[in-house]
Amino acid sequence: MPTDIVDHNNTLCTDTAIVSAVLSGKTALFEILIRRYNPYLYKIGRSYGFNHQDTEDAMQETFINSYINLGQFRQQASFKTWLFRIMLNQCYHRAHRKRYQKEKPAEPLRSKSDFMFLRDTESSNAVINKELNKVIETCLMKLPEAYRTTFALRELTGLNMAETAEVMHTTVANVKVRLNRAKAMLQKEIEQVYTPEEIYEFNLIYCDKMVNAVMQKIAALPKKN
């Protein structure tokens, strides 16, 4: 990871500072934003109903589009909500393309490498993964899309109510209603057993892969004047 954009406390700078640095020509620093938001975009894609590969494709396109249009980013909103909105737009258009093309639904998860839920770092995770798979497949994916996406943005990516409303182009009151209804549907199966952080975890093994893929495509883009 680039190390020349840290403050005096040796912590990463804000999104705004990184965006400004990238726009000034320090393209390599875009890697920090990719690593920072990889887990969140993954959760959004999976909550939309995409399989692992489709989610990664949507993430890659989101990062590329955000880089290309970085100059259009207006700081009235946070970079995080701006990026999440791009991801949701990607998900929306991909989902509609699949419906139009009448593609077959994604195959069920079959291997540990495809799990969207937890890092498989302990032997006990095999049991947890199996249970999470059952819970998510039978409950979460049955929620209406608006409730599912609201739950993912608010509970899994950590956006506050106002940010969630901004990303979804709705009101805070509507977000609260959707979130309460989503939790009521899910609480028996999920909230009694798992914390939000345990759901839709983006494995660290995929982070480098995403960084490398995006940065290679950025390097191949025509140079900005």
Side-chain angles (χ1 to χ4, degrees), residues 12-20 22-23 29-97 116-117 140-141 143-179 182-183 196-203 206-207 210-211 213-215 217-218:
L12 292 179
C13 285
T14 64
D15 291 348
T16 301
I18 297 171
V19 168
S20 297
V22 172
L23 288 174
L29 297 181
F30 194 72
E31 176 183 336
I32 296 176
L33 297 176
I34 300 172
R35 292 186 182 277
R36 185 173 289 177
Y37 290 109
N38 256 335
Y40 303 108
L41 296 195
Y42 190 77
K43 292 170 185 178
I44 292 172
R46 293 313 298 260
S47 73
Y48 217 88
F50 293 142
N51 62 24
H52 176 79
Q53 186 58 56
D54 285 343
T55 297
E56 282 199 329
D57 291 344
M59 290 168 63
Q60 189 173 135
E61 288 301 313
T62 295
F63 283 125
I64 294 296
N65 287 342
S66 67
Y67 174 81
I68 291 173
N69 296 291
L70 206 56
Q72 300 177 22
F73 170 59
R74 297 293 178 263
Q75 296 179 14
Q76 290 88 342
S78 69
F79 176 80
K80 176 172 62 177
T81 56
W82 183 72
L83 184 68
F84 287 6
R85 191 179 298 151
I86 295 175
M87 180 64 177
L88 281 178
N89 286 337
Q90 279 288 328
C91 292
Y92 174 83
H93 290 300
R94 282 176 177 271
H96 279 260
R97 280 204 305 272
M116 56 177 146
F117 308 124
L140 184 58
M141 298 313 299
L143 294 185
E145 184 179 293
Y147 295 165
R148 196 167 66 234
T149 304
T150 300
F151 182 86
L153 290 173
R154 180 69 183 93
E155 297 295 334
L156 305 183
T157 71
L159 292 185
N160 61 35
M161 289 290 186
E163 289 171 332
T164 303
E166 182 181 350
V167 171
M168 297 195 70
H169 298 288
T170 187
T171 63
V172 170
N174 200 12
V175 167
K176 290 180 179 178
V177 170
R178 291 178 183 176
L179 185 62
K183 284 186 175 181
E197 291 79 10
E198 289 176 316
I199 305 170
Y200 292 155
E201 197 69 46
F202 185 61
N203 268 314
Y206 299 118
C207 190
M210 180 61 59
V211 169
V214 173
M215 295 306 291
K217 289 202 171 187
I218 286 176

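Everything numeric in this text was worked out from a predicted model, so none of it was measured.
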TODO: Check A146 against M168 and note the closest heavy-atom contact, atom names and distance.
DONE: O-CE, 4.0 Å
TODO: May I ask you to test the Y67-V22 pair for a side-chain heavy-atom distance under 4.5 Å?
DONE: yes
Open item on the list: Over 60° means perpendicular and under 30° means parallel, so tell me whether F79 and F73 are parallel, tilted or perpendicular.
Closed with: perpendicular
Open item on the list: I'd like to check R178 versus F151 (side-chain heavy atoms, cut-off strictly below 4.5 Å). Are they in contact?
Closed with: no
TODO: Would you sort out whether L33 and V19 count as a side chain to side chain contact (heavy atoms under 4.5 Å, CB included), showing the intermediate values?
DONE: CA-CA 9 Å; L33 297 176; V19 168; 4.1 Å; yes
Task: Rounded distance [0.5 Å steps], CZ in R148 versus OH in Y48 - done: 8.0 Å
Open item on the list: Atom NZ of residue position K80 - does it have more than 12 heavy atoms of other residues, nucleotides or ligands inside 6.0 Å?
Closed with: yes
Open item on the list: Measuring from atom OH of Y37 to atom CG of D15, what distance do you get when rounded to the nearest 0.5 angstrom?
Closed with: 3.5 Å
TODO: Could you grab the distance from atom CD of Q90 to atom OG1 of T55, nearest 0.5 Å is fine?
DONE: 11.5 Å
TODO: Over all heavy atoms of both residues, which pair between S66 and F30 is shortest? Give the atoms and the distance, please.
DONE: OG-CZ, 3.5 Å
Open item on the list: Applying salt bridge (Lys or Arg N to Asp or Glu O under 4.0 Å) as the test, list every pair that has at least one member in residues 82-91; sequence neighbours left out.
Closed with: R85-E166
- [ ] Report yes if some heavy atom in the side chain of V211 is under 4.5 Å from a heavy atom in the side chain of N38; otherwise report no.
- [x] yes
Task: Lys/Arg-Asp/Glu bridge criterion (N-O < 4.0 Å) met for E61, R94 - done: no
Open item on the list: Quick check: closest heavy atoms across A162 and V172, and the distance to 0.1 Å?
Closed with: CA-CG2, 3.9 Å
Open item on the list: Can you tell me how far apart CE (M59) and CD1 (I86) are? Round to the nearest 0.5 Å.
Closed with: 13.5 Å
TODO: Measure across C91 and G45 and return the closest heavy-atom pair with its distance rounded to 0.1 Å.
DONE: SG-CA, 4.1 Å
Open item on the list: Using side chain to side chain contact (heavy atoms under 4.5 Å, CB included), reason through M215 and I218 one step at a time and then give a plain yes or no.
Closed with: CA-CA 5 Å; M215 295 306 291; I218 286 176; 4.2 Å; yes
- [ ] Mind checking the CG-CG spacing from L88 to L83? Nearest 0.5 Å is all I need.
- [x] 10.0 Å
Open item on the list: As an exercise, state the distance from OG of S78 to CG of L159, rounded to the nearest 0.5 Å.
Closed with: 7.5 Å
Task: Side-chain touch I44/T149, heavy atoms, less than 4.5 angstrom - done: no
Open item on the list: Below 30° counts as parallel, above 60° as perpendicular, anything between as tilted: where do the rings of Y40 and F84 land?
Closed with: tilted
Open item on the list: Going by side-chain contact (heavy atoms from CB on, under 4.5 Å), name the residues that satisfy it together with R154, two or more places apart in sequence or in a different chain.
Closed with: M161, T164, L179
- [ ] Of all the heavy-atom pairs spanning Y147 and A182, show the shortest one and how long it is.
- [x] O-CB, 3.9 Å
Task: Side chain to side chain, F63 and M210, heavy atoms closer than 4.5 Å - done: yes
- [ ] For M87 and L41, work out which heavy atoms get closest and say how close.
- [x] CE-O, 3.3 Å
